[in-house]
Each structure stands twice: as structure tokens, then as C-alpha cells.
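First the structure, in the form of C-alpha cells, and then the observations on it.
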Amino acid sequence: MRTLTKLDDLAASETADLDPTSARSRETQRGRIEGDGPQARAAESQASVSHRHAQAHESAVKHVTGRAAYIDDLKAPADCLHLALALSPVAHGRLTRLDLAKVRAMPGVVDAVGFADVPGHTDIGPVFPGDPIFVEEEISYAGQVLFAVAAESHRAAREAVSAALAQRIAEIDERPASLDPVVAAERGEFVRPTHVQQSGDWERALADAAHVIEAEQFVGGQEHFYLEGQACLVQPTEDEGVIVHTSNQHPSETQKLVAEVLGIPFHAVTVEVRRMGGGFGGKETQASPWACIAALIARRTGRTTRIRLPRAEDMRVTGKRHPFNNRYRLGIDEAGVIQGGEITVIGDCGYSPDLSEAIVDRAMFHSDNAYSLGEARVTGHRARTHTASNTAFRGFGGPQGMMAIEAAMDDIARRIGEDPLTVRKRNLYRVDRQMTHYGQQVDQIDLLHELVERLEASSDYWTRRRAIADFNAESPVIKRGLALTPVKFGISFTAKHLNQAGALLHVYTDGSVQINHGGTEMGQGLHTKICQVVARELGLDTDRVRITATRTDKVPNTSPTAASSGADLNGQAARDACVRLKERLFDFAHDFLHTEQGLERETMRLEAGHLVAGQGESERRIPWGELVQSAYLGRISLSEKGFYATPLIHYDRNVGQGRPFYYYAFGAAVAEVSVDTLTGEYQVDRVDILHDVGDSLNPAIDIGQVEGGFIQGMGWLTSEELKWNDAGQLISDGPATYKIPTFGDLPPVFNVELLEGHPNSMASIYRSKAVGEPPFMLAISVWSALRDALASLADYRESPRLDTPATPERVLLAAETLRARHAPGMTSQEKAP
């Protein structure tokens, strides 16, 4: 029995094995301690603090050693069920009969579910209705899910699906499919209403212009081709809910949809995402259906359920980057400066709205890129076709919109006989023309001009231009091309309510820190940057900060990790939590940790693992561990939530005007190519990039994002060709028929530099700028350089139409068209397009 007379001796023995920091903390609390608590025996030391910005990815070692766990690596119970999907073989038709009883009787099959088996909502459209979880009657694309089979093994599930389709347990009345978005637009077949943005009298600008240029272009789509395909693992819980482990960019949306499909409250569904093996937008909305189907089976059977889509099936069943058909008619003066005009974009949305409203909006917002359109009208159509519903992809419509104006820049240059770079520089946003066609003023225009001019000089553009002209004059077959193209990309979700984020911060009594936030990690380094933010605010080394899986039961109602906003939103939320906790610790230190000289509240700060107060000789320092343990013993909360909402942004779709973006990120790239005009084959010889990220949170990660974004964009514009047959079936459904860039496609000279000395003019996290999407559009320089090389066949008097992807076949056809039109001896009438 403990007696009062022995308490002092007992206290001394209890502190004997504590480190000095912990012992001092407990000594200051002598007489207050009653009972035991989770106080550490030793506070972790903080010998030195490094705030080096260029730090390795927080999971880098796990990635290269194979210890990073993805969805298919997660251990599951021995009785785990495996799912396979039965997909529609036709693009349009009606499901007239479905007999799942026969499927349930097949070997190894435990359950089979279709539309009639859903207890709750059957429409899982993310924003607007139109996405049934299973086909009820109408079939809208080849690859739409008819039913799902759960079996004891993955093989048994797939064999059951194959046997069921072969036995015609699903009878379909096939109907003609609509596959042409332009024809669909002409017929008024839209998934969402047409939208218009307008500034000034565009018709008068065209009528008064010295020259009018007009053209059409087709911009192809793109498969996400994430290394980890769509996958999830769902565990039923004892309270009629589920825990969903998923490769997913939007856990809160998946939580909502799973709950609605099952007919249970949101709080009964927990969604967890530790990491993805790539996403690029393909897991923003289109990771949810598989979680819904797996959750349905898990609740029906009471067994853990796993689904993973094979690559070909993944490509057939999910949407892509929207293909676009663009038209432009612009009025220019004698110097090639745009006075006004009209641009029309038609997005091929597939069969349902998905995110097409916002995607086509962003294409419209970026149809100016970095140039003033003057008095202009921009119209965006959202065409419905019988293909998979197209969805988010890095750039979210912005790249497709930019292609129209970049094509126009080349066309203007050939019309007036000037270099394309000269024309681009004349049309950049400038002091007297700073307002976009949707009513937002472009800030930091000096930065835009400086960036272009610095890259122009550092890449030795004009010397190389002269050398290329000389080379092309002497080379009849191999032609070289050069192009410098800028990027101006708006940062924010254009849906205002999505511009918010939360975070949850815990400090433990040994001084270690755990942070959780609403963003998801798909390899882009978001978690690393958030750890750096927390370490910076608390004056700790990043090794002291651990990040945990994104979970809907820790930070609720989160926005998707998209729109390049991950670090901006979640970094600010994490910082907010740190600031709130710091203020509480500072108040505690001021009120209860007075020394004989006192601690000055106004000068308190956290640095190098210490609480520091005062200056010079009066400076007092308390180790972080001692501060934390003293605060715990003083019953001060060591947990805090943070929140952030982006200010200032607004957009009125009724009038097509507003400020949809908090700020703009800028960049520019110079690409040089060599083209064999007899075969259409080409290579990218050199690329120089200068990109604006404000004050970088992590230059190493940011440079990696610039390099990766550029190469992915180059693939979209050159080699990645999606092909459907006349029946609407995707035939480029794997790496054998769909060509993403490889190591051999890297330019042998690849110079990437971040623009320094230009912090963000807006109050972003530490004045940094987003870097996820803006670099993608730098690859337009490669496409423009190909057009430049081909233009030499017409003595630079004409830029050819070059739809994308600019495959060797398309390049060859463009070369032959130019040769035919500009052959010696042809009359001017014969040369006319």
C-alpha cells in the first residue's frame, strides 16, 4: 500500500529512469500529479533542425524497396471474395433480359448482383445524375457494367462472367450508336447546356480587322494509364457499415456514394487512402463505382471483398481526357495583334455529365492561354456520345482550350511573315490589356514577360532559329523546327465550394508529431510538402513529423485532390492547425513556465527544436520535449484541427464573368524537333523549360513534377492515340496498341529550371505556387515545333493543320499536303486551300 509518508521517495524513484528533459517537466509539476498518464519516459532529442526545401519524398525508400503498400498489397482474410465485372459488348442498346440466378449457381460463385439488387440509390453521378451503378435497361457505351460476380477466387469470378456472357444470360437489343461529337452538337445532343463567355463587341472587332484568320482542329483524348489500376478492398463492420480501402483521389465523395448505394448514414462508411500508384484525374470520380459495387457485395455476404480491374478492362470501362473539336475566327491588325473574334470548343463528354460542366468551362477559361483576346466570345458545347463518360485529367480541359489559341499564333505568324515568337510576345497580356474575356485581371504580367524573355535568352532561341533556317534550306528531307510557347494556368477549383480543406494535428508526449489532412498522395509529393509545412511551423526536423493515411473519420467532407490545389489548400489547413496549437502553447508557457526573468509572450517562437523567447542576452530557450510534457501535465490540449477556405474567388455563370482563380501560374518551354518528311517520323532533340512556382515548397519535387508533366503532355500530343471501331468499342486497350512515352522518348538535352525571386503575389502557403497541372501544357511547344518544321516545306508561308496526337502518319499527311500545294509551277488558284 502506498502511504503519504512514502510518496516523496516514490516520486524520486519514478523519475530516476527519465531523461533530463522529462524529469525537469515532472519536477515543475510536483504536487500536481495524481495517477498515471501517457507521458513519455524520454522526449525525443532535437539536435539539429533542417529546413532544406529539397527533401526526398516521404515514401521514397518504401517505393524503391517495394515496401510501399498499394491496394492489392493489403492483406485480407482467407475468406475474402473477389469480384469480376460483366461489361456490355455494344455501345448502344437495351438490356431486355438478365438472369443472375444461373450465374449464382456457377462453380465458385458466392453472389452476383445487378441493378435490381441495389438497396439504396442506383445513380452514382458525382455532380449531376446520369451514371447508373449497373445497367437497368438502356446501354450507353461498350464497357458499361451489366452485373458483378463475387467468387472465392479472382479466376473463378472471371470464368463465371465469361461463361455467363457466352450462355447469353444477358440479352441485348443493339441500336445505332452516336460517336461523332460534332454531329451530336449539331443535333443539340448535350450532357449539359452550352455556356458562353463574352467581352465587348466581338463581331465589330472581326469586321474592322485588317486580317481574319480562321481554322478548325481536332484535339485527341488521353488514357490516364496509371501504373496501379482501379482497385479497392472493402471490409464489413459490426455496425452495418463498411471500411473502404481504395486507390482514390476523392475519399469523401466515395464515402457519400457508398453510403447512398447501401442506404446507410455517411458516418457508417469509412474510406481510407494511404497512397495511389498514379491518378492524374482518373481516380477523382471514376474510382467510386468499384467501391460501391464491392461494398454492396461485402454487406450482402458479410465478407471482405476485393476488386481490381485488369488493364484492358480498366481502359474500356473508364473515361478519358475529353477529345475536343475547336474552331477559331480571329481579327488581327497589320502587326498580328489580336483585336477580337470568337472561339468555339466542343468537348466529347461521352454518355453522361460526370465533370464535363467544369472541364469544358476550364477549356473556355484557358482558350486565351497567355494572350489577350480583346473583344471576344468563347462558346463551349458539351456533346453527348455513346462512349465511356470522359472525366478529369491533368489540366482538366485547360490544355485542350489552349491548343486553339496556340494554333492561331502560328497561323498569324505565317500570315504576316513574322517569327511565331515575335507574334506571341506581341499578344501577351500587358499593361493596357490585362483583362481576360471572363472578367479577371491578370496579375504579375511583368513576371510573364520576364519569364519568356529569360528563356528566350537562356535557350539561345534566335541563334538556333537562324541555324535551323539555314539547315532547312539545304536539307530536302529532314526538316527541323523550333517553338517557344508560354503557359498561363489558373489555380483554384472553379466550383467555389471545393476550395476548402481541413487538417488534424496531434503532438504526443515524447514530442513526436502526427498530421492528417484531406488531400491524397498519388506520387506527387503532397504528403512530403505537408510534413515540411508542419515541421517549419513547429521548428522541428521533418523526421519528427509523421503523416497518416487520408481517412474520412479523421478529416471529413474533403475536396478531391485535383485542380493543382493539394498543397495550397491542405498546406494552409495544416499550417492553421499548427498556428492554433502554437498560440496555446505560447500562452501556457507565458502563464505557467515563468523563470526568474520571465518569458516574453510577444517574442516567443519555435525554432531548432526549442521554444525561444526574448532576444540577445535575455533570450530563454526551452526544449520542445520539455514544453510538450509540461503542457500535458498542465492539462493543455496537444491536438488541434485546422481549416482553410480560399478567399476572393467567385464566378457568375449566368453572365460568364468573375474571378474563378485565386492566382495564375506561369511557365514557358522551347522545343526543337527533327522531322523526316518522307516518313513522318520525328524526334525531339532539345527542350528548355523555365517554370514559375513562386517560392517553391520543395524544388526537387517541383522539378520532378515539371519534367513528368511535360513528358506526359508530350505523349498526349504526339503518340497516345485512342481508337474506337465503328461499333464504338475501344480497340487501343493496352500498351501494345496505346503508346505512352518511354525513356527513349526523352529529349537528349532536357534543361529544366524553376524561376526564382518571384514569390506568389497572393497569400498562398509561403508564397508558393501550384505545380501539378501547369507544366503539362509546356508540351504544346513540341506540337508547335512540329508545325514549324513542316511550315518550312511552304517557305514558312503556311502552317499546316496538324490534329493531335501528331503521330508520324498525321505528320506525313500534313507534309504531303503542303508539298502538293506548294509544288513549283502550281498556280495561286491551285495552291489555295
Is the closest side-chain donor-acceptor distance between Thr344 and Asn326 under 3.5 Å?
no
So how far is it from Arg801 CZ to Glu216 CD, rounded to the nearest 0.5 Å?
6.0 Å
Using a strict threshold of under 4.0 Å (side-chain N to carboxylate O), is an ion pair present between Glu357 and Arg382?
yes
Aromatic contact, Phe365 with Tyr651 (centres under 6.0 Å)
yes
Validation row: Phe710, Val782 side chains within 4.5 angstrom (heavy atoms):
yes
Heavy-atom nearest pair, Ser719 first then Lys739, reads OG-O, 2.8 Å
State whether the side chain of Glu253 and the backbone N or O of Thr558 hold a donor-acceptor pair below 3.5 Å, judged by distance alone.
no
Does the side chain of Ile139 come within less than 4.5 Å of Tyr141's, by heavy atoms?
no
Does some side-chain heavy atom of Val345 sit less than 4.5 Å from a side-chain heavy atom of Met364?
yes
Asp131 meets the salt bridge (Lys or Arg N to Asp or Glu O under 4.0 Å) criterion, sequence neighbours left out, with none
Taking atom types as modelled, is there a side-chain donor on Thr552 or Ser252 under 3.5 Å from an acceptor on the other?
no
For the residue pair Asp368 / Tyr438, report whether a side-chain donor-acceptor contact shorter than 3.5 Å exists.
no
More than 12 heavy atoms from other groups under 6.0 Å of CZ on Arg175
yes
Mark yes or no for whether Glu721, through its side chain, and Thr737, through its backbone, hold a donor-acceptor pair below 3.5 Å.
no
Between Thr96 and Asp173, is any side-chain donor less than 3.5 angstrom from a side-chain acceptor?
no
Residue pair Val191 / Gly350: nearest heavy atoms and the distance that separates them:
CG1-O, 3.8 Å
Any donor and acceptor pair, going by atom type alone, linking the side chain of Trp783 with main-chain N or O of Leu802 inside 3.5 Å?
yes
Would you check if there is a donor-acceptor pair between the side chains of His386 and Ser140 at a distance under 3.5 Å?
no
To the nearest 0.5 Å, how far apart are CZ in Arg362 and CG in Leu355?
11.5 Å
Are the charged groups of Asp72 and Arg308 less than 4.0 angstrom apart, N to O?
yes
Go through the side-chain N and O atoms of Tyr738 and Glu720 and say whether any donor and acceptor fall under 3.5 Å apart.
yes
Answer yes or no: is there a donor N or O on one side and an acceptor on the other, between the side chain of Gln400 and the main chain of Gly395, under 3.5 Å?
no
Donor-acceptor pair, side chain of Asp733 and main chain of Ala312, under 3.5 angstrom:
no
How far does CD of Gln167 sit from CG of Asp99, to the nearest 0.5 angstrom?
10.0 Å
How far does CZ of Arg384 sit from OG of Ser356, to the nearest 0.5 angstrom?
10.0 Å
Once you round to the nearest 0.5 Å, how far does CG of Asn248 lie from CD of Gln286?
11.5 Å
Do Pro775 and Met777 come close enough that some side-chain heavy atom pair is under 4.5 Å?
no
So among Gln197, His437, Glu342, which one has a side-chain hydrogen bond (donor to acceptor under 3.5 Å, both in side chains) with Arg377?
Glu342
Is Arg187 salt-bridged to Asp180, going by a charged N under 4.0 Å from an acidic O?
no
Give a yes-or-no answer on whether the side chains of Glu228 and Ser247 include a donor-acceptor pair shorter than 3.5 Å.
yes
Quick check: closest heavy atoms across Pro774 and Val487, and the distance to 0.1 Å?
O-CG1, 3.7 Å
On a heavy-atom basis, the closest approach of Gly143 and Val317 is O-CG2, 3.1 Å
In short, Ser564 meets Glu773 closest at the heavy-atom pair OG-OE1, 2.7 Å
Measure the shortest side-chain to side-chain distance between Ile343 and Thr379 over non-hydrogen atoms and say whether it is less than 4.5 angstrom.
no
Please report whether the ring centroid of Trp716 lies less than 6.0 Å from that of Phe393.
no
Gap between atom OG1 of Thr318 and atom CD of Glu313 - 0.5 Å precision:
10.5 Å
Between Phe661 and Ile491, is any pair of side-chain heavy atoms under 4.5 Å apart?
no
Is a donor from one side chain sitting under 3.5 angstrom from an acceptor on the other, for Ser352 and Ser389?
yes
Polar contact flag, side-chain donor to acceptor under 3.5 angstrom, Thr385-Asp348:
yes
Using modelled atom types only, decide if a donor and an acceptor are shared between the side chain of His121 and the backbone of Ala259 within a distance under 3.5 Å.
no
Any side-chain donor near an acceptor of the partner, Asp354 and Thr391, under 3.5 Å:
yes
Taking the side chain from Gln524 and the backbone from Thr520, do they hold a donor-acceptor pair closer than 3.5 Å?
yes
Under 6.0 Å from the CZ atom of Arg104, do we count more than 12 heavy atoms belonging to anything else shown?
yes
Nearest atoms (heavy-atom pairs only) where Pro181 meets Asn325:
CG-OD1, 3.6 Å
Distance-only, no hydrogens or angles: does the Ser492 side chain make a donor-acceptor pair with backbone N or O of Thr494 under 3.5 Å?
no
Considering residues, nucleotides and ligands other than Arg97, do more than 12 of their heavy atoms fall under 6.0 Å from its CZ?
yes
Would a 4.5 Å heavy-atom cut-off, applied to side chains only, mark Thr387 and Tyr351 as touching?
no
Do the charged groups of Lys320 and Glu223 touch, with an N to O distance under 4.0 Å?
yes
Centre-to-centre under 6.0 Å for His245 and Tyr70, is that the case here?
no
If you define the side chain from C-beta out and look only at heavy atoms, does anything of Leu730 sit under 4.5 Å from Lys723?
no
Does the Arg787 side chain pair with the main chain of Ala407, one donor and one acceptor, at a distance under 3.5 Å?
yes
